[in-house]
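So you know, we letter chains A, B, ... as the sequences are listed, proteins then strands, and number each from 1.
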Protein chains: 2
Amino acid sequence: MPDSSSSLDSEQLSAYFALMDVAGLLKHAVEQQLREEGDLSYVQFQLLARLALNSPTGSERMTDLADGVVYSRSGLTYQAGLLEKAGLVSRAPSADDERSVTVTVTDAGREVIARVIPGHVEVLRQQLFSPLSGADTRRLRDLLVPVRDHMRAAPPRSAGPRRRR
Amino acid sequence: MPDSSSSLDSEQLSAYFALMDVAGLLKHAVEQQLREEGDLSYVQFQLLARLALNSPTGSERMTDLADGVVYSRSGLTYQAGLLEKAGLVSRAPSADDERSVTVTVTDAGREVIARVIPGHVEVLRQQLFSPLSGADTRRLRDLLVPVRDHMRAAPPRSAGPRRRR
DNA sequence: TATTGTTATACTCTATAACTATA
DNA sequence: TATAGTTATAGAGTATAACAATA
């Protein structure tokens, strides 16, 4: 039988490389825009955007932010420290659980996001969406969302003690 | 009129985030595998794979490698230096142009790639391809390849002097 | 005991600018 | 003068392990 378990067909290979190339080039372009217009790294943008746009209260626990955005907790402590020093978020002990820290976007943080979004969108339009029709975009989303869900549900196994939680 | 130039519709937004999330998670998983099984970073894998698999001679000029894989030349010099120190590539002045340096994969370099590929493929199967049918994979490739071509053809403008070449 | 978060530390990677050498 | 590559340097980001505090 063919070695269906030890190699990829050429369509899989080119899909893999195209995915990584597109994401890498796009991240590069987007990081430049964020740095120039808001003095933000991509991770900082992710954190701020998540708090400002995805959270009804503008707040989240450190652990939940780390799970959603970043990989190590110390990395998140570092980034949250930078954002706090810049006045874009505040940190305070959680009300219910004294161990937890609740991170909250400040008004200044919301302003930075608002300031940065138009240029960000412009980069996305030029780099990512200009060769895609509306239907293409929908298809792309429909293909990738299940992959993301699968990856989040099935973290890379066989790696030491269970990752967290 | 609607602000079609300053915002994205929700399908575009979720396609963007799904793309970045999938690529980020996948890169993370793949880097771990490459580090464990071949002591390679992702960039080093890209360089080695490009030389070993994509180049008939196993050689390329520094500049062409930098254009294809990495962004800054000094970054490539650094990575090529690491690979050379590990015995995975060799560097020599080009025959035709004394300014150029030709990088060549060594046998040891080819061995590392061969050793690392099966585990790499396994990660891709589990993380990326298991939720995708063959037709899905083809669609994904057909959507992303033109985007990559577009990005490569249209580098992020408005950024100082023309990038290179 | 397990969980939350921080700190200390060490390392990898990347980019900018100055420089050398060849075309 | 322009191009190819290296070097020096400096900064950003990340992760691991040890730690303190709370549940």
Side-chain angles (χ1 to χ4, degrees), chain A residues 24-25 27-29 31-32 34-36 39-47 59-86 89-103 156 159-165, chain B residues 24-25 27-29 31-32 34-36 39-47 59-86 89-103 156 159-165:
Chain A
L25 291 166
K27 192 177 177 196
H28 201 253
E31 277 179 329
Q32 188 173 319
L34 290 172
R35 183 63 69 192
E36 282 169 4
D39 199 36
L40 292 177
S41 70
Y42 188 70
V43 191
Q44 289 159 9
F45 171 74
Q46 281 183 297
L47 292 170
S59 299
E60 267 193 82
R61 297 190 322 148
M62 289 289 284
T63 293
D64 297 329
L65 279 176
D67 284 1
V69 172
V70 137
Y71 298 107
S72 73
R73 296 191 171 202
S74 66
L76 178 60
T77 296
Y78 171 74
Q79 293 295 344
L82 290 182
L83 290 174
E84 189 174 42
K85 202 175 343 177
V89 305
S90 62
R91 280 187 288 185
S94 304
D96 52 326
D97 186 337
E98 284 287 326
R99 291 172 306 181
S100 291
V101 167
T102 295
V103 185
R162 188 91 78 254
R163 279 189 83 71
R164 63 173 59 97
R165 282 289 186 195
Chain B
L25 291 166
K27 192 177 178 194
H28 201 254
E31 277 178 331
Q32 188 173 320
L34 290 172
R35 183 63 69 192
E36 282 169 5
D39 198 38
L40 292 177
S41 70
Y42 188 70
V43 192
Q44 289 159 9
F45 170 75
Q46 283 184 296
L47 291 170
S59 299
E60 267 193 81
R61 297 191 320 148
M62 290 289 284
T63 293
D64 297 330
L65 280 177
D67 283 2
V69 172
V70 136
Y71 298 106
S72 74
R73 297 189 171 202
S74 65
L76 178 60
T77 295
Y78 171 73
Q79 293 295 343
L82 291 182
L83 289 173
E84 188 174 43
K85 201 172 350 176
V89 305
S90 63
R91 280 186 288 184
S94 304
D96 51 326
D97 186 337
E98 285 286 324
R99 292 171 305 179
S100 290
V101 167
T102 296
V103 185
R162 189 89 80 254
R163 280 188 82 70
R164 63 173 58 95
R165 284 287 189 197

Report summary line: Tyr78(A) OH to dA10(C) C1', in whole Å, measures 14 Å
Query raised in the report: Atom CG of Leu34(A) to atom C1' of dA12(D): distance rounded to whole Å?
Result: 15 Å
**Report entry** Residue pair Arg61(A) / Ser100(A), side-chain donor-acceptor N/O under 3.5 Å
**Finding:** yes
Report task. Scan side-chain atoms only and decide if Ser94(A) and Thr102(A) contain a donor-acceptor pair under the 3.5 Å cut-off. Result -> yes
Query raised in the report: Taking the side chain from Gln44(A) and the backbone from Ser41(A), do they hold a donor-acceptor pair closer than 3.5 Å?
Result: yes
Query raised in the report: Is Val43(A) close to Tyr78(A) at the side-chain level, that is, under 4.5 Å between some pair of heavy atoms?
Result: no
Query raised in the report: Does a side-chain heavy-atom distance below 4.5 Å link Val89(B) with Glu84(B)?
Result: yes
Which listed nucleotide ([options]) is nearest to the side chain of [X]?
| X | options | value |
| --- | --- | --- |
| Asp97(A) | dT6(D), dA23(D), dT14(C) | dA23(D) |
| Arg61(A) | dT4(C), dC13(C), dA15(D) | dT4(C) |
| Arg99(A) | dT7(C), dA8(D), dA21(D) | dA21(D) |

Report task. Remember a base hit wins even if backbone is also touched, and classify Leu82(A) as base, sugar-phosphate or nothing at under 4.0 Å, heavy atoms. Result -> sugar-phosphate
Do the side-chain N or O atoms of [X] get closer than 4.0 angstrom to the phosphate oxygens (OP1, OP2) of [N]?
| X | N | answer |
| --- | --- | --- |
| Arg35(B) | dC13(C) | yes |
| Gln44(A) | dA12(D) | no |
| Ser41(B) | dC13(C) | yes |
| Gln79(A) | dA12(D) | no |
| Arg73(B) | dT6(D) | no |

Report task. Would you state whether a donor and an acceptor, one from the side chain of Thr77(A) and one from the base of dT7(C), lie under 3.5 Å apart? Result -> no
Query raised in the report: Mapping Tyr42(A) and Glu98(A) to their closest nucleotides on DNA chain D, which lands nearer the 5' end?
Result: Tyr42(A)
Query - 5'-most by nearest nucleotide on DNA chain D - Asp96(A) or Ser74(A) - result: Ser74(A)
